[in-house]
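All remarks here apply to the structure that follows.
What you see is a predicted model; the values in this text were computed from it and never measured. One is the number of the first residue; the rest follow in order along the sequence. These numbers come from the heavy atoms of this one structure, side chains and all, not from hydrogens, waters or symmetry mates.
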Amino acid sequence: MAEQIDRNLALELVRVTEAAALAAARWMGRGDKNAADQAAVDAMRLILNTIEMQGVIVIGEGEKDEAPMLFNGEQLGAGVGLALDIAVDPIDGTTLTATGGNGALAVVAMAERGTMYAPGSLVYMNKIAVGPEARDVIDINQSVAYNLHAAAHALGKSVDDLTVMILDRPRHEKLIADVRKVGSRIRLIRDGDVAGAIAAGRPGTGIDLLMGVGGSPEAVIAAAALKCLGGGMQCKLWPRNDDERRYAQEHDHDLNRVFGINDLVAGDNVFFAATGITNGELLDGVRFVRGGAVTTSMVMRSRSGTTRIVESEHRWDKLMRISQISYANPNLAIPD
């Protein structure tokens, strides 16, 4: 019976990310990040509360950029069933959604209660993420050159055949220069390093590593996905200023600690789901069609190692009868 509940729970998550993606996609290219995020948050909260679980938000994305959010400590679910930690990013790539850029996702991860790391107000981490073949050779305390050569050897590639995904930020100027000096290729992305970590962990994406400083909430979510994929990840907290260094000291956060996947998500039964909002290399975005929409999602479970790609067709006339989410205006006139 427990195994059946687990499988059903993994698939329940697709409903959560689909709802968030459908709501957020209405705001694609309209220039309003907060409106898109709010729509995704509201939809995600509503569907999470229908799942038979006792869930608590451990990672509620939004704090670092003052966006709408599912709050840390918020209790979700029907109040019965499994006791779970929840990590959410209603939109991984809010700027991408607001500007119509590629690669925005709605993502959620769950694990047994008490197994997800909570970084508090330390909202950034330095990260390296890789797939299964290179997971045992990376070392975030070593140089960029060391890690690229180690990953290349593990993957059976020349170092100049590697592709490294990096967030396009001024703070990565030295990292980019170091990667170029070694001779590896670089794929710069504007936002969305959860998707970048998954791309590094999945075969056939053309991405071999994710490197650089990104959000610590995203690190926990990415760790859940990589645990399902069998990939590897190492992170270190990255305080931005003296206030954050004092916070770390006062709250016993070791800035020298290297976090592996099991430090970020210690549970043995981890669930992850993502749905594309805008078109990307990982998943197709929401495609609006006459009377509805089509979504593409990924759902994974660590215990079974199963990854499912789910394409769903949604009909507004049906959804609007059973859902409180305003997926579409039922009174919208179709022009002749």
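- Using modelled atom types and a 3.5 Å distance limit, the side chains of Glu18 and Ser312 yield a donor-acceptor pair.
- Note on ring orientation: taking the six-membered ring where Trp is involved, the planes of Trp316 and Phe288 are tilted (angle from 30° to 60°).
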Could you go step by step and tell me if Glu12 and Arg15 meet the salt bridge (Lys or Arg N to Asp or Glu O under 4.0 Å) rule? CA-CA 6 Å; Glu12 286 273 11; Arg15 295 175 51 240; 2.5 Å; yes
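- When the side chains of ILVMFWY residues are joined at heavy-atom separations under 4.5 Å, either directly or via intervening members, Leu167 and Ile128 end up in two distinct hydrophobic clusters.
- Tyr117 is not listed as a side-chain neighbour of Asp263, based on a closest heavy-atom distance of 4.5 Å or more.
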Under the criterion salt bridge (Lys or Arg N to Asp or Glu O under 4.0 Å), I'd like the reasoning laid out for Asp243 against Arg246: C-alpha separation, chi angles, the key distance, then a yes or no. CA-CA 5 Å; Asp243 288 341; Arg246 281 192 292 270; 2.2 Å; yes
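- Among Leu82, Asp268, Asp85, the one residue that satisfies the side chain to side chain contact (heavy atoms under 4.5 Å, CB included) test with Glu112 is Asp268.
- Environment of CD in Gln142: crowded, with over 12 heavy atoms of neighbouring residues, nucleotides or ligands closer than 6.0 Å.
- For the pair Cys228 and Thr307, the minimum side-chain heavy-atom distance is 4.5 Å or more.
- Residues Leu237 and Phe259 share a closest heavy-atom pair of CG-CE1, 4.1 Å.
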Would Arg190 and Thr99 satisfy side-chain hydrogen bond (donor to acceptor under 3.5 Å, both in side chains), going step by step from the backbone distance to the final call? CA-CA 11 Å; Arg190 293 166 58 193; Thr99 60; 3.1 Å; yes
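- Across all their heavy atoms, Ala98 and Lys33 have their closest contact at CB-CG, 3.6 Å.
- The shortest heavy-atom contact between Val88 and Gly60 is CG2-CA, 4.1 Å.
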What do the steps show when you test Asp161 against Arg185 for salt bridge (Lys or Arg N to Asp or Glu O under 4.0 Å), and what is the final call? CA-CA 7 Å; Asp161 289 335; Arg185 301 170 352 126; over 6 Å; no
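- For Ser184 (side chain) and Val179 (main-chain N/O), no donor-acceptor pair under 3.5 Å exists by modelled atom type.
- Salt bridge annotation for Asp317-Arg315: present, with a cationic side-chain nitrogen under 4.0 angstrom from a carboxylate oxygen.
- Residues Val56 and Leu76 have side chains not in contact (no heavy-atom distance under 4.5 Å, counting atoms from C-beta outward).
- Separation of atoms CG (Asp284) and OG1 (Thr278) is listed at 10.5 Å; rounding is to 0.5 Å.
- Residues Ile59 and Asn72 share a closest heavy-atom pair of C-OD1, 3.7 Å.
- Glu74 contributes a side-chain N or O that, together with a main-chain N or O of Phe71, makes up a donor-acceptor pair within less than 3.5 Å.
- In this structure, Ile309 and Arg202 approach most closely via the heavy-atom pair CD1-NH2, 4.5 Å.
- Considering every non-hydrogen atom in both Lys227 and Gly267, the closest pair reads NZ-O, 2.7 Å.
- Using modelled atom types, one side-chain atom of Asn279 and one backbone atom of Gly285 make a donor-acceptor pair closer than 3.5 Å.
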